[in-house]
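All values reported here derive from a predicted model rather than from experimental measurement.
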Amino acid sequence: MDSTKLNHWLQILGMLGIMASLVFVGMQLKQTDVIASVEGQDNAVQRHYDMLSLMTEYAEVWQRGCAGEELTATERMQFAKIFTVYANNNFAGWRRLQLSDYRDSNSDYNINAFAANVHRYPGFATAYRSEKAWDKTGFGDLGPTIRKYRRLISAKIDELAKIEPDPNYGAEWCGRT
């Protein structure tokens, strides 16, 4: 075999090797993406469990706070912290679904759940308005993503006010997602 043919075959083998390595890298990237997605779901489940544990540990404060009943200063702080955990968990879930490639996921679920809690529970609504006011003066503009999230919640609250003008739900359902 002369050197020209050998060179030709070596170039072909080199190209095949490069193609094989690119296929391998693509498979690794796909596998890494799947692992990251599963880990993200596991983290979301853990955050949800932690939130429910907190609501259960302070169930009386949570229920009375959602109902808009009088709370002591300590209880108001506890309610506000639980509310913050709920609100952050809900936003994170909505954002995760916005960014995911799950074809059957519906990020409106998070918007609907949050808006239903604002609409149905006066203390929850007060906490939401208070948080928004604090954010506006404390943080300033939080950016287009949070503005969009809050616009969607407001629109759903308006819709619920028409559908359900006088909601009457037990406070045990407050914070349901």
Does any N or O in the side chain of [X] come within less than 3.5 Å of the main-chain N or O of [Y], such that one atom is a donor and the other an acceptor?
X	Y	value
Thr84	Ala80	yes
Asn117	Gly175	yes
Glu75	Thr72	yes

[atom1]/[X] to [atom2]/[Y] distance, rounded to the nearest 0.5 angstrom?
X	Y	atom1	atom2	result
Arg47	Leu52	CZ	CG	13.0 Å
Arg76	Thr126	CZ	OG1	12.0 Å
Leu152	Asp108	CG	CG	7.0 Å
Lys132	Ile153	NZ	CD1	8.5 Å

Open item on the list: Within the structure provided, determine whether Pro167 and His119 are in side-chain contact (heavy-atom separation under 4.5 Å).
Closed with: yes

Open item on the list: Can you confirm whether Arg150 sits close enough to Asp135 that some side-chain heavy atom of one is under 4.5 Å from a side-chain heavy atom of the other?
Closed with: yes

TODO: Look at the aromatic rings of Tyr149 and Trp94 and report parallel, tilted or perpendicular, splitting at 30° and 60°.
DONE: tilted

Open item on the list: Students often mix this up, so state it plainly: with edges at 30° and 60°, are the rings of Trp62 and Tyr86 parallel, tilted or perpendicular?
Closed with: tilted

What closest approach, in Å, do [X] and [Y] show between heavy atoms, and which atom pair accounts for it?
X	Y	answer
Ala67	Ala171	CB-CB, 4.5 Å
Ala113	Asn90	CB-ND2, 4.4 Å
Cys174	Phe124	SG-CD1, 3.7 Å

TODO: Take Glu164 and Tyr169, measure what side chain to side chain contact (heavy atoms under 4.5 Å, CB included) needs, and give me the verdict at the end.
DONE: CA-CA 11 Å; Glu164 199 177 67; Tyr169 291 85; 2.6 Å; yes

- [ ] Report whether Val118 and Leu160 are members of the same hydrophobic cluster (ILVMFWY, side-chain heavy atoms less than 4.5 Å apart, transitive linking).
- [x] no

Task: Step-by-step ring pair (Phe, Tyr, Trp, His ring centres under 6.0 Å) determination, Tyr58 to Phe79 - done: CA-CA 8 Å; Tyr58 296 97; Phe79 178 75; over 10 Å; no

Task: Derivation and outcome, salt bridge (Lys or Arg N to Asp or Glu O under 4.0 Å), residues Glu70 and Arg64 - done: CA-CA 7 Å; Glu70 189 69 32; Arg64 288 182 31 238; over 6 Å; no

TODO: May I ask you to decide whether Asp166 forms a salt bridge with Arg120, counting only side-chain N to carboxylate O separations under 4.0 Å?
DONE: no

Open item on the list: The test is side chain to side chain contact (heavy atoms under 4.5 Å, CB included); show your working for Gln98 and Lys148 and say whether it passes.
Closed with: CA-CA 12 Å; Gln98 291 282 303; Lys148 176 183 178 184; 3.5 Å; yes

